[in-house]
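Read through the structure below, which is laid out as structure tokens, and then see the notes.
Just so it is clear: chains get the letters A, B, ... in the order the sequence lines come, proteins before strands, and each one is counted from 1. A quick note: this is a predicted structure, and the numbers were derived from the prediction, not measured.
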Number of protein chains: 2
Amino acid sequence: MAESKAPWCPVTATVEVIGGRWKPTILFQLKDRPRRFNELRRLVPGITQRMLTLQLRALEQDGIVSRTVHNTIPPHVEYSFTKKGCMLGPILDAMEAWGDAHRPRKRGRN
Amino acid sequence: MAESKAPWCPVTATVEVIGGRWKPTILFQLKDRPRRFNELRRLVPGITQRMLTLQLRALEQDGIVSRTVHNTIPPHVEYSFTKKGCMLGPILDAMEAWGDAHRPRKRGRN
DNA sequence: CTGGATCCCCGGCGATACTG
DNA sequence: CAGTATCGCCGGGGATCCAG
């Protein structure tokens with residue numbers, strides 16, 4: 001597994017990092033400003049606690065988001081974009097634009 | 001299933017259509033010009049015949065690509081972007097750009 | 001509040017063989 | 001060349017409980 005061959009495809013590489021059901025949505029919510037764990041849970045409807053944790057860990061692992069722990073009571077954990085993550089902005093914007101343009105039952109045209 | 005609720009998220013809607021391991025790569029290869037089935041098979045390294053068929057069918061179903069059959073011998077089937085599919089261009093370009101910028105072992109910077 | 005650990009099901013996907 | 005059919009695996013991901 002892990003296509004270690006193939007003449008290197010940048011698109012595939014990107015998919016490896018931000019692909020999946022949840023990551024784009026999570027990243028989209030993180031785009032504007034840092035978010036706390038439960039805040040993300042609300043902003044990403046339908047995601048389970050487990051999946052949110054897993055996806056955030058994966059994104060952290062790939063250097064897309066950084067995790068900041070405030071040792072307070074109650075605990076406070078903030079997730080924010082790294083520089084590498086910020087550069088995903090155009091992708092997320094383009095995805096938002098396309099999804100918006102092709103919203104079901106849109107009346108404008110089409 | 002099928003998040004029929006949630007205040008409508010354009011990013012999620014886009015993920016529903018072009019999400020997954022293969023679709024972005026397939027679409028990327030379709031971006032410049034129409035491609036034949038086996039041509040795509042070569043251009044998307046690692047994909048199986050079955051998956052290519054399934055993904056293409058799904059994309060066709062969602063109105064992203066159109067399938068043109070030339071009744072010749074041997075059979076000739078071409079897949080191309082619909083108008084709706086063309087509008088995915090910016091997303092694919094952004095993905096390519098990001099993947100390229102963060103290519104492992106890149107020397108330029110970072 | 002954040003998030004780890006466990007249990008378990010379901011379907012995504014690869015492999016293979018067959019057809020027009 | 002461009003598919004379809006069938007089988008079987010394995011791991012993604014939901015539900016739930018526990019912990020710091």
Side-chain angles (χ1 to χ4, degrees), chain A residues 1-6 9 12 15-27 29-30 33-62 64-80, chain B residues 1-6 9 12 15-27 29-30 33-62 64-80:
Chain A
M1 307 73 184
E3 61 311 313
S4 32
K5 41 183 55 185
C9 172
T12 299
V15 169
E16 297 279 323
V17 174
I18 66 164
R21 165 80 175 73
W22 300 112
K23 282 176 188 166
T25 308
I26 294 172
L27 292 171
Q29 301 298 343
L30 238 37
R33 65 166 173 286
R35 300 285 192 180
R36 292 179 36 218
F37 188 82
N38 273 5
E39 197 175 3
L40 282 173
R41 260 224 290 189
R42 284 193 309 273
L43 291 169
V44 183
I47 197 172
T48 61
Q49 190 176 47
R50 171 190 163 80
M51 283 315 294
L52 182 52
T53 299
L54 287 176
Q55 303 303 309
L56 285 171
R57 288 285 176 276
L59 291 170
E60 195 186 354
Q61 208 71 17
D62 285 322
I64 303 299
V65 306
S66 67
R67 182 169 176 271
T68 308
V69 181
H70 300 269
N71 263 323
T72 60
I73 294 181
H76 230 244
V77 182
E78 272 198 347
Y79 294 89
S80 57
Chain B
M1 311 72 184
E3 61 310 317
S4 35
K5 41 184 53 182
C9 172
T12 299
V15 169
E16 297 280 323
V17 174
I18 68 164
R21 165 82 176 72
W22 300 112
K23 283 177 188 165
T25 308
I26 294 172
L27 293 171
Q29 300 297 344
L30 239 36
R33 65 165 177 284
R35 301 285 192 179
R36 293 176 41 215
F37 187 82
N38 274 2
E39 198 175 1
L40 282 174
R41 255 217 298 186
R42 284 193 309 273
L43 291 168
V44 183
I47 197 171
T48 61
Q49 192 175 41
R50 170 190 163 80
M51 283 315 294
L52 182 53
T53 300
L54 287 175
Q55 302 304 308
L56 285 171
R57 288 286 177 277
L59 291 170
E60 195 187 352
Q61 208 71 19
D62 285 323
I64 303 299
V65 305
S66 66
R67 182 169 176 270
T68 307
V69 181
H70 300 270
N71 263 321
T72 62
I73 294 182
H76 232 246
V77 181
E78 273 197 347
Y79 293 90
S80 57

Result for 5'-nearest mapping on DNA chain C, choosing between A:Asn38 and B:Gln49, is A:Asn38
Note: for A:Arg41 and B:Gln55 on DNA chain C, the residue whose nearest nucleotide lies more 5' is A:Arg41
[X] has an atom [atom1]; how far is it from atom [atom2] of [N], in whole Å?
X	N	atom1	atom2	value
A:Tyr79	C:dC1	OH	C1'	11 Å
B:Arg42	D:dA2	CZ	C1'	13 Å
B:His70	C:dG20	NE2	C1'	18 Å
B:Arg67	D:dA2	CZ	C1'	8 Å
A:Met51	C:dG3	CE	C1'	14 Å
B:Ile73	C:dG20	CD1	P	14 Å
A:Arg35	C:dC1	CZ	C1'	17 Å
B:Leu52	D:dC1	CG	P	14 Å

Between A:Arg36, A:Arg41, A:Arg35, which is the residue that forms a salt bridge (Lys or Arg N to Asp or Glu O under 4.0 Å) with A:Glu39? A:Arg35
Checking C:dG20, C:dC1, C:dA15 against the side chain of B:Pro75 (C-beta onward), the nearest is C:dG20
Name the closest nucleotide to the A:Arg57 side chain, picking from C:dT2, C:dC13, C:dG3. C:dG3
Classify B:Arg50 by what it touches in the nucleic acid, base, sugar-phosphate, or nothing, heavy-atom distance under 4.0 Å. base
Whether [X] contacts [N] is assessed here as follows: a side-chain N or O lying under 4.0 Å from the phosphate OP1 or OP2. Is that the case?
X	N	result
B:Arg36	D:dA2	yes
B:Thr53	D:dG3	no
B:Thr48	C:dG14	yes

Can you classify the ring geometry of A:His76 versus A:His70 as parallel (below 30°), tilted (30 to 60°) or perpendicular (above 60°)? perpendicular
Please evaluate residues B:Val65 and B:Ile26 with respect to the criterion side chain to side chain contact (heavy atoms under 4.5 Å, CB included), reporting the C-alpha separation (whole Å), side-chain torsions for both, the decisive distance (0.1 Å), and the verdict. CA-CA 10 Å; B:Val65 305; B:Ile26 294 172; over 6 Å; no
If you round to the nearest 0.5 Å, how far is CD1 of A:Ile18 from NZ of A:Lys23? 9.0 Å
Has B:Arg67 got a side-chain atom pairing as donor or acceptor with B:Glu60's backbone, closer than 3.5 angstrom? no
